[in-house]
Amino acid sequence: MTDPRLEALHQSLPALRLSREPGDLEHYGRDWTRRWAPAPLAVAWPASIEEVQGVVRWANAQGAALVPSGGRTGLSGGAVAAGGELVLSLERMNRVLGFDAVDRTLTVQPGIALQAVQEAAQAHGLQYPVDFGARGSCSIGGNIATNAGGIRVIRYGNTREWIAGLKLVTGAGELLDLNRALVKNSSGYDLRHLAIGAEGTLGVVVEATLKLTDPAPPAQTLLLALPSFEVLMRVFAEFRARLRLQAFEFLTDRGLAHVVAHGGTDPFDARHPYYVVAEYDAADAAQEAAGLAAFEACAEAGWIVDGAIAQSQAQAQQLWRLREGITEAVARYRPYKNDVSVRVAAMPAFLAEAQALLGEAYPRFEVVWFGHIGDGNLHINVLQPDDVADADFMRQCAHVTELLAGLLKRHGGSISAEHGIGLVKKPYLDSTRSPQEIALMRGLRRVFDPNGVLNPGKLFD
Ligand code: 2HG
Ligand code: ZN
């Protein structure tokens, strides 16, 4: 430790685990965006709330910047440390602290993986229903920081719905115990909800009490092949009217081709423009029959061109892989990602305009579309061709994102549905939020973090 600031940190918190190993700086300085060269000052692994507070107070005293860090599976650069920040990894604070059977809550430390939370809930005969592909690596603290969504939002909502209480260390180093798992609490501003989705700019989540619910009923998983997006929306309306959906996700032929090239299994003989992975309650014979009837009605109308029904858990997982495997399958192309949303009803019009815009703007680039139909959330991955240099690719993508932001503004949509603003979408925040809103957000940040030590440069400058 030659840096005097780190010497001071070591002096004030001698038990704090710290590293300046190049391998650690590289690993903890980046997230899944892979666009910024990691350059943190050091990495710290606090083991307690007191140590987190100590680090935050140190940052205030030394004028140092902190990047709170979970599983770093984020796709917006929210956990990137590329400018000499101290990475505050919550990895060691990864335990379940308690379960309350009456309240049906699970209290956890922030570094616990989403999947470990799901398993802990299951062990008590209950369910933590937020779910998405990165479940094994992402942390609950990061889920809270981005108000993570995923594949079950259509049924269960975003992370926000499941946070009964939060302990937060503010940018000034104060510990707040927010809402304390109360079901009813009409006592003024709910600061818990300000911290959710704040991308670590208001405070560091150091503990969370999560709501649990009844396990989801047994489900039937289907893969549907569809001729157009308009038809896909009709099938969605029909399925939603007849069944209790647990998921309704879409991908295009391109997405499917990448997953298949990456080891996925296509159950169909021919390729189709659009695919849906749908899951609905099938707890008894009546619900199973309703599912088949919905399928048959859509097939008779000529809307569903082909379909596969999972006959086992293993087959359901194979079908899910076609949707959940896209991010990993295209990762080698270092895609430029857009994660946008519009009202569900506005999707067909928005998609048609966006596809025309992207087709014109990127005649040379492959664009992979997929997403969460029930949430109006589209993922647009623009793949970087091997022969196009980084800077050129990013310049072109930034230009197109500006056009897309304009389109979203006209449709009343959002430039980030569930991944967060981070560094990637910072220039476009004003397409989604008004100047008055942004001014209030800046003001709130100053109240929670007067010296701006928490994740500076993320969300806004
Ligand atoms: C998903 O829905 C994730 O699979 C990742 O939000 C989306 O890789 C992406 O663009
Ligand atoms: Zn998603």
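As the structure lists them, so they are numbered: ligands from 1, and atoms in each ligand from 1. Sequential numbering from 1 along the given sequence is applied to the chain's residues.
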Mark up the atoms of ligand 1 that fall under 4.0 Å of a heavy atom belonging to Arg323, in ascending order. 1 (C), 2 (O), 4 (O)
Is the closest side-chain heavy-atom distance between Thr401 and Ile415 below 4.5 Å? yes
Heavy-atom contact under 4.0 Å between Glu418 and ligand 1? yes
Heteroatom N/O/S of His419 within less than 2.8 Å of the Zn ion (ligand 2): no
Under 4.0 Å from ligand 1, counting heavy atoms only, is it the side chain of Phe370, its backbone, both or neither? side chain
Could you check whether any side-chain heavy atom of Glu21 comes within less than 4.5 Å of a side-chain heavy atom of Val43, counting everything from C-beta outward? no
Can you report which non-hydrogen protein atom sits closest to atom 5 (C) of ligand 1, along with the distance? Thr327 OG1, 3.4 Å
Do me a favour and list the nearest non-hydrogen protein atom to atom 6 (O) of ligand 1 with residue, atom name and distance? His419 NE2, 2.8 Å
Are any of the side-chain nitrogens in Arg234 or Glu238 under 4.0 Å away from the carboxylate oxygens of its partner? no
Should Asp339 and Lys425 count as an ion pair when the cut-off is N to O under 4.0 Å? no
Heavy atom under 4.0 Å from ligand 1: found in Leu75's side chain, backbone, both, or neither? side chain
Looking only at protein heavy atoms, which one is nearest to atom 10 (O) of ligand 1, and how far off is it? Asn381 ND2, 2.9 Å
Angle subtended at the Zn ion (ligand 2) by OE2 of Glu418 and NE2 of His379, nearest 10°: 90°
Quick check on the 6.0 Å ring-centre criterion: do Phe229 and Trp369 meet it? no
Under the 6.0 Å and 45° cation-pi test, does Arg240 pair with Phe248? no
Side-chain ion pair, Arg155 and Glu279, N-O less than 4.0 Å: no
For His372, take its heavy atoms, then give the atoms of ligand 1 lying under 4.0 Å from any of them. 2 (O)
